[in-house]
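Start at 1 and go down the list; that is how both ligands and their atoms are numbered.
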Amino acid sequence: MATHADIIWGDNGEPLSKEFGDVYFARDHGLAESRYVFIEHNNLAARFAALADYASFVIGETGFGTGLNFLATCELWQRTAPKNARLHFVSAEKYPLTHADLTRALTLWPELSELAAQLLKVYPPVFLADENRGNFRCSFSHNVSLTLIFADAKCAFSQFRPDHLHTNMMRVQHDVHMGGKTCFVDAWFLDGFAPSKNPAMWQKDLFVALANLSAPGTTLATFTVAAIVKQGLAAAGFYWQKQPGFGRKRAMLTATCLPFSRYFPMRRTQTSRWHLTNAARSNGRRVLIIGAGMAGAHCAFALAKRGFSVTLADEHTLASGGSGNAQGIVYATLSHTTGPFADFNLAAFLFACRYYQMHELFARAGAQSGLLDLIKDRDAFERISARFAGNSHLVKGMNPKQASAQAGVELTQHALFYPESGWLNPGFLCRLLTDDPNILVKEYQPIKYLSYEQQQWRSDLGLFDQVIIAAAQGSLEFSAAQSIKIKSIRGQVTTVKAIDALQSVICGDGYIAPGQNGIMSTGASFNPKSASLDILDEDRAENLANAALLSPAFANLHAMGDRAGVRCVTPDYLPVVGPLPQPDFLRQFKAYNTNRWAHIDIPASYFPQLYCVTGLGSRGLTYSPLAAEIIAALITGEPMPISLELWKFIHPARFWVRDLIRAVK
Ligand code: SAM
C-alpha cells in the first residue's frame, strides 16, 4: 500500500527520508548528478534530437521522489526534441511526497522554477490506498505527459501492458506478431534509495517487470553497482556495464536490453485477463471516426496531434446530438473513498481540467470559472474535505459564507469548490478540436458498412487502418458493437437571463453556469423512461425549481428557451472505452459460467484495430479527453493513462464478462 513519504529536512533545507535514512538528492550537486547518471548515461540529448516528427519517447522511472529527474529531463526535452514529438515519463512512487513537501523540496532548484511550478499545478492528490488504481496521467505540457503511479515499482510496472504477453516468445518475434512497437519503454531511470537501505525494491520481480516492458536496445542507468542489481539485470536479459560514478563516487551502471531474450511470465495475481488482447495491430495512420460529438472530436484531436490522418464522419453535423447544448460543465463525482466509479471520475476530471486549460480551450470556448458542488450531507462533506486536505488547489471544502463569496450569489449550503473546473460551449469546443489540417470532417455522412479485409477496414468512405465508433446510441447499429449495453435518458436544458454577479458554476440537484452573452444554462432534467426530444413545460418547471434550490438568487429566473437531448448511459454509469470483443470471446471465457474466479490465461478475441467510445452520459466534457488518450495509447502503443485494473471497469467487454459470471449456477 502506498503511503506518504515521511520527510525530515536537513540543515541546508534538503529532504531526507525518515523511513530509509537516505537522501533524495545531494543539496549542492543533486541536479548535476541527476543529469550525469540518468540523462547522459541514457544518451538522451542525442536520442531526443534524432527523433522523427510525431515520434514518442518513453522513460520509465522507479522512485519519482521530488521529481528532480523528471524536471531535468523536461528541460532537456524542450531544448532538443522536435516540437511535435511526445515525451512520456512514467514514474512509480511508493511513498509519494505531499504537495506541501514537494513544494518545499523544489524551491531548492531555482533554475527549474518554471517547470517546478507546472509540476506543482498538476501533481495529483496523494491518498491512494489501492495499488491497482493509483495511476495518474498529468498533462504536463502539450508534448510531455507525466504518468505517476503511486504504487510499489514492481507492481506498477507489471500491470502496465495492454496486450497479452506471450511469455515463451522472444522479444523481436513478439513485436513482429503484434505488428508494431509494443514494448514501450525506451530508457529506464533506475532510482530508489540504495539497495542496502531499501532492499525490498531491488528484487528479481522488479527486473522482470522492467524487462517485460523493454525492447532490444532499451537502455537503463542507475547510480548503484550493488551485486543484487547486476545479477538481477543480467538474469532479466540486460547487458550491464560499469561506468565512472558522479563526483567522488567510484562507479555507476548502464545496461541495454538484449535482443532474443525471452519474456517472463507475468505475476499471477491478475487472475482474469479478459481485457488484454493479442489482436494484430497496424502502424497504419488512416483513421475513421464514426460520430462527431464530444467523444469523436476528442479522439480526432488526440490522434491528429500524433500525426494520424483522421476522417471524422457524422450522419448529422458536428456536435449535433448530446453535445449540442450552449453550456456544459466539467463535473465529476468525487468520493471520500476509493472505488472504480470514484477513481475514474477523479482521474478523468483532473485530466480534463488540465487539458482544457493547457490547450486554451477554457479560454476560447468557455471559462475556467471554478465549480461549487453543494453537498447536503454534512458527513459526506466533511469526509470528502478531509480526504482532499492538503490539496486545496484541487478541491476545497467551503462553508456557506465562503461558498457565497466565491459564487458571487448567496448560497446556504456547504460546498466543495473545484477551482480548476468550469464550463464550455460543447459545439464551439468540437469545432476548435477538429480545426486541424490532419482532420477531415464529413458531415451528413452516415457510415453503414464496415468490413475487415486484409488488415484494413473497408467502409462507405473507403479503406482505413483504424476505426473508432463514437456514435453514442448509434454505436449499437454496428454488429461489432454487440457486447456493449447502453440506454437513453432524456434531458432538457433551460436557458435563462443571466445574473451578472454569478462567478462560478453551481451544482446540486441540477446545475447553473455563469452567463455567456446575457444567458445562462440550467438543467438538466432526467427522464430515464423517455428518449423524446420534445420540449416539455414540466421539464422547464423542474429545471427552474432545481435552480431555485441552489440559491435564493435563482428564485425568479426568467426562462428564455429550452433544448432537449438524450444522454447515452451504461448500466453502471461508467463509459465504454476500448476494443470490441468478437463473438468468440463468449466461448473463450465460458468457464466463468461455472466459476467466476476461473483463471483463463489466453489472449481474448477482439476485432483488430477497431475501438469504441460511448456511454459518456452527461459527463462528455469530463470523460472524453481521458477516453481519447486511452484510445490513442491503444492504437500507438504509448503507455496507458490509467491502470489496467481500472480500465476493466470501462472496457467494452465488461458487460459480457458480467453476463457470464451472473449465469453462475
Ligand atoms: N528520482 C527522485 C527525484 O528525482 O527526486 C529521487 C528518488 S529518491 C532517491 C528514491 C525514491 O524511491 C523515493 O521517493 C522513495 O520513496 C522511492 N521508493 C522507495 N522504494 C520504492 C518502491 N518499492 N517502489 C517505488 N518507489 C520506491
**Student:** For Glu629, does its backbone N or O pair with a side-chain atom of Arg137 as donor and acceptor, under 3.5 Å?
**Tutor:** no
**Student:** Verify the distance criterion only: is there a donor paired with an acceptor across the side chains of Asp22 and Asn198 at less than 3.5 Å?
**Tutor:** no
**Student:** Which residue and atom name correspond to the protein heavy atom nearest atom 10 (C) of ligand 1, and how close is it?
**Tutor:** Gly192 CA, 3.4 Å
**Student:** Examine Phe207 together with Phe238 and report whether their ring centres are nearer than 6.0 Å.
**Tutor:** no
**Student:** When you measure from atom 2 (C) of ligand 1 to each heavy atom in Phe25, Phe64, Phe20, which option holds the nearest one?
**Tutor:** Phe64
**Student:** Are Phe223 and Phe246 near enough that their ring centres are under 6.0 Å apart?
**Tutor:** no
**Student:** Out of Lys197, Lys94, Gln203, whose heavy atom is nearest to atom 27 (C) of ligand 1?
**Tutor:** Lys94
**Student:** Among protein heavy atoms, which sits nearest to atom 23 (N) of ligand 1, and what does the distance come to when rounded to 0.1 Å?
**Tutor:** Asp152 OD1, 2.7 Å
**Student:** Taking distance alone, with no angle check, do Leu68 and ligand 1 share an N/O pair under 3.5 Å?
**Tutor:** yes
**Student:** Would you mind listing which atoms of ligand 1 come within a distance below 4.0 Å of any non-hydrogen atom of Asn69?
**Tutor:** 1 (N), 4 (O)
**Student:** When the ring centroid of His29 is compared with that of Tyr36, is the distance short of 6.0 Å?
**Tutor:** no
**Student:** Nearest protein heavy-atom contact for atom 24 (N) of ligand 1: which residue, which atom, what distance?
**Tutor:** Ala153 N, 2.9 Å
**Student:** Return yes or no for this condition: an N or O of Phe70 is under 3.5 Å from an N or O of ligand 1.
**Tutor:** no
**Student:** Check the angle between the aromatic planes of Tyr24 and Phe193 and answer parallel, tilted or perpendicular using the 30° and 60° thresholds.
**Tutor:** perpendicular
**Student:** Quick one: which ligand 1 atoms are inside 4.0 Å of a heavy atom on Gly67?
**Tutor:** 3 (C), 4 (O), 5 (O)
**Student:** Could you identify the single nearest non-hydrogen protein atom to atom 19 (C) of ligand 1 and state the distance to 0.1 Å?
**Tutor:** Asn198 ND2, 3.1 Å
**Student:** Could you identify the single nearest non-hydrogen protein atom to atom 5 (O) of ligand 1 and state the distance to 0.1 Å?
**Tutor:** Thr66 OG1, 2.6 Å
**Student:** Give the residue and atom name of whichever protein heavy atom lies nearest to atom 6 (C) of ligand 1, and the separation in Å to one decimal.
**Tutor:** Asp191 OD2, 3.4 Å
**Student:** To the nearest 0.1 Å, how far is atom 14 (O) of ligand 1 from its closest protein heavy atom, and which atom is that?
**Tutor:** Glu93 OE1, 2.6 Å
**Student:** For atom 12 (O) of ligand 1, which protein heavy atom lies nearest, and how many Å away is it?
**Tutor:** Gly63 CA, 3.3 Å
**Student:** Mind telling me whether His359 and Phe301 have parallel, tilted or perpendicular rings, with 30° and 60° as the class edges?
**Tutor:** perpendicular
**Student:** Check each of Phe38, Phe157, Phe89, Trp240 against Trp188 using the ring pair (Phe, Tyr, Trp, His ring centres under 6.0 Å) test, and report the only one that passes.
**Tutor:** Phe157
**Student:** Decide whether the shortest distance between a heavy atom of Glu61 and an atom of ligand 1 is less than 4.0 Å.
**Tutor:** yes
**Student:** Would you say the rings of His99 and Phe388 are close, in the sense that their centroids are separated by under 6.0 Å?
**Tutor:** no
**Student:** Does any N or O in the side chain of Thr218 come within less than 3.5 Å of the main-chain N or O of Cys257, such that one atom is a donor and the other an acceptor?
**Tutor:** no
